[in-house]
Amino acid sequence: MLCHTAGVHSLLTNAVQSIQIGVEDTASPDPRRMLSAVRNIYAGILLLLKEELLRRSPPDSNGLLIRARHEFKTLPDGSVHAVGKGRNTVDVGQIRERLNSINTKLPADSLTRLWSDLEKFQAIRNDVEHYRTKATTAEFRAVIAIATALIRLIVVDLLLEDPATLLGDGCWGVMLTEETVYAEQKAACAASLADIQWNTHALTEAAPFLRCGYCQSELVGQADKANTLQESVTFVCAACSSEDDADDGEWLMEAVLRSKGIDPWFDPSDPDGAPTGDCPECGKGGLVVAEAACALCGWEHSGERCAVCHAEVSAWDDSEHPGLCGYHADLFAKDD
């Protein structure tokens, strides 16, 4: 894979070479090369975004938008000019902040997709770097598929370049092929879940947001493709072969929270920070705290108010004293 970057800035050259090396790593039969592939491709994508910031930096500003720090200089005419300071460049958070603030060429939906896909890739990179040393072929494809979508969006719509010309036909051809295979696998997984009779609307909405709880792959289907009952679903990840039962399983509830835009790991509305809890109706862990409703059985909190003080009766209040807030339920319990 030869780099067609003659005459372009070294930042772009480094981006292209990082991506090319990463793609070459995915062709290795050694599963340990996954870590190298993810690191290189992720680094290349960030460099592509920095290239856009560099191109948008004011002339004679020492690449103001890609520098982590800046300083002010007074010009001979008395005007003040901001310039980049030092050699440190922006991190991923600063890249996002600056690109959002300078009005990119991307429409709002494309910009949203860019950050969403970058977050997915970052999650895979973090998982591999901290917990994994080996990966399956399907996980390689997940990396390449997400990277291909990101690179296409950045290179074509932001940098106004041709990916095949920039990366080389060989490199870009490998990425397009893997993206196609991954799309076919994802469609097959979705098809295996298409006829499931989910018990609640929340679960129907959550199905497209399923991810493997181990490797975070979106290649999640069910083991028995002929099954249509929620209670009998066993999710299986086509990437790493991990499994999880749908009935009160973690994968399904995490998908529910993602579909609602709730952090699967923390909810500030609950005193303990837990986004889910046990449902007082079915007893399973399907209660979405922020909504006081169970995604698994459909139970919803009535929203009633305490008969004594008129405070809202929460889903956590003593069910043995219905119609009372926690404080007055506790008082009544002491009198029993």
Side-chain angles (χ1 to χ4, degrees), residues 1-6 8 10-51 92 114 117-156 159 161-189 211-221 236-243:
M1 302 176 191
L2 297 178
C3 177
H4 300 281
T5 54
V8 301
S10 61
L11 188 67
L12 185 57
T13 301
N14 290 341
V16 169
Q17 290 177 345
S18 291
I19 294 168
Q20 289 175 331
I21 292 170
V23 172
E24 289 170 359
D25 284 333
T26 66
S28 170
D30 186 345
R32 294 173 299 178
R33 295 283 289 276
M34 172 67 165
L35 178 57
S36 175
V38 172
R39 280 175 172 166
N40 279 306
I41 295 174
Y42 183 74
I45 289 170
L46 293 188
L47 286 171
L48 289 176
L49 291 171
K50 289 180 183 181
E51 172 67 17
V92 63
L114 170 64
D117 284 352
L118 190 62
E119 286 177 0
K120 289 179 188 177
F121 200 105
Q122 189 176 32
I124 293 173
R125 189 209 60 173
N126 291 343
D127 179 68
V128 170
E129 284 200 329
H130 297 298
Y131 305 110
R132 314 287 297 282
T133 56
K134 297 182 179 180
T136 65
T137 300
E139 286 177 283
F140 277 125
R141 287 205 172 102
V143 169
I144 296 295
I146 295 172
T148 304
L150 277 166
I151 291 168
R152 182 187 292 112
L153 189 59
I154 297 168
V155 171
V156 175
L159 300 179
E161 304 268 1
D162 176 57
T165 302
L166 193 65
L167 297 173
D169 291 335
C171 177
W172 188 239
V174 169
M175 299 188 78
L176 291 178
T177 298
E178 294 297 342
E179 182 186 41
T180 299
V181 174
Y182 181 83
E184 291 172 349
Q185 288 183 310
K186 188 175 179 181
C189 290
R211 293 184 199 168
C212 172
Y214 180 60
C215 72
Q216 292 300 301
S217 170
E218 295 178 321
L219 298 180
V220 175
V236 60
C237 174
C240 69
S241 302
S242 297
E243 295 185 358

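For the numbers below, each heavy atom of this structure counts, side chains included, while hydrogens, waters and symmetry mates do not.
Distance check: Leu159 CG to Leu153 CG gives 10.0 Å after rounding to the nearest 0.5 Å. Here the straight-line distance linking atom CD of Gln17 with atom CG of Asn40 works out to 11.0 Å at 0.5 Å rounding. Considering CD of Gln122 and CG of Leu46, their distance stands at 8.0 Å, rounded to 0.5 Å. Atoms CD1 and CD1, from Ile151 and Ile146 in turn, are 11.5 Å apart once rounded to the nearest 0.5 Å. Note: Cys237 SG to Arg211 CZ = 12.5 Å, rounded to the nearest 0.5 Å. Atom CE of Met175 sits about 11.0 Å away from atom OG1 of Thr177, to the nearest 0.5 Å.
Looking at every heavy atom in both residues, Ile144 comes nearest to Glu178 through CG2-CB, 3.5 Å. Here the closest heavy-atom approach between residue Gly22 and residue Ile41 is recorded as CA-CG1, 3.7 Å. Between Leu47 and Ser18, the shortest heavy-atom contact is CD1-OG, 4.2 Å. Nearest approach of Cys212 to Val220, heavy atoms of both residues: N-CG2, 3.5 Å. When all heavy atoms of Ala149 and Asp117 are compared, the pair lying nearest together is CB-OD2, 3.9 Å.
Taking the side chain as every heavy atom from C-beta outward, Leu12 and Leu48 approach each other to under 4.5 Å. Here the side chains of Leu150 and Leu114 are in contact, with some heavy-atom distance below 4.5 Å. You'll find the side chain of Trp172 stays beyond 4.5 Å of the side chain of Thr165, heavy atoms only. Counting heavy atoms from C-beta on, the side chains of Leu118 and Leu49 come closer than 4.5 Å. At a threshold of 4.5 Å between non-hydrogen side-chain atoms, the residues Val156 and Pro163 count as touching.
The only member of Leu167, Val155, Ile154 that meets side-chain contact (heavy atoms from CB on, under 4.5 Å) when paired with Glu161 is Val155.
No donor-acceptor distance shorter than 3.5 angstrom exists from the side chain of Ser28 to the backbone of Asp25, with no hydrogens or angles considered.
Evaluation of the salt bridge (Lys or Arg N to Asp or Glu O under 4.0 Å) test over residues 143-153, restricted to residues two or more places apart or in two chains, returns Arg152-Glu179. Applying the ring pair (Phe, Tyr, Trp, His ring centres under 6.0 Å) test to pairs two or more places apart or on separate chains, none has a residue in residues 16-37.
Under the rule for a side-chain contact (heavy atoms from CB on, under 4.5 Å), Ser241 has no partner lying at least two apart in sequence or in another chain.
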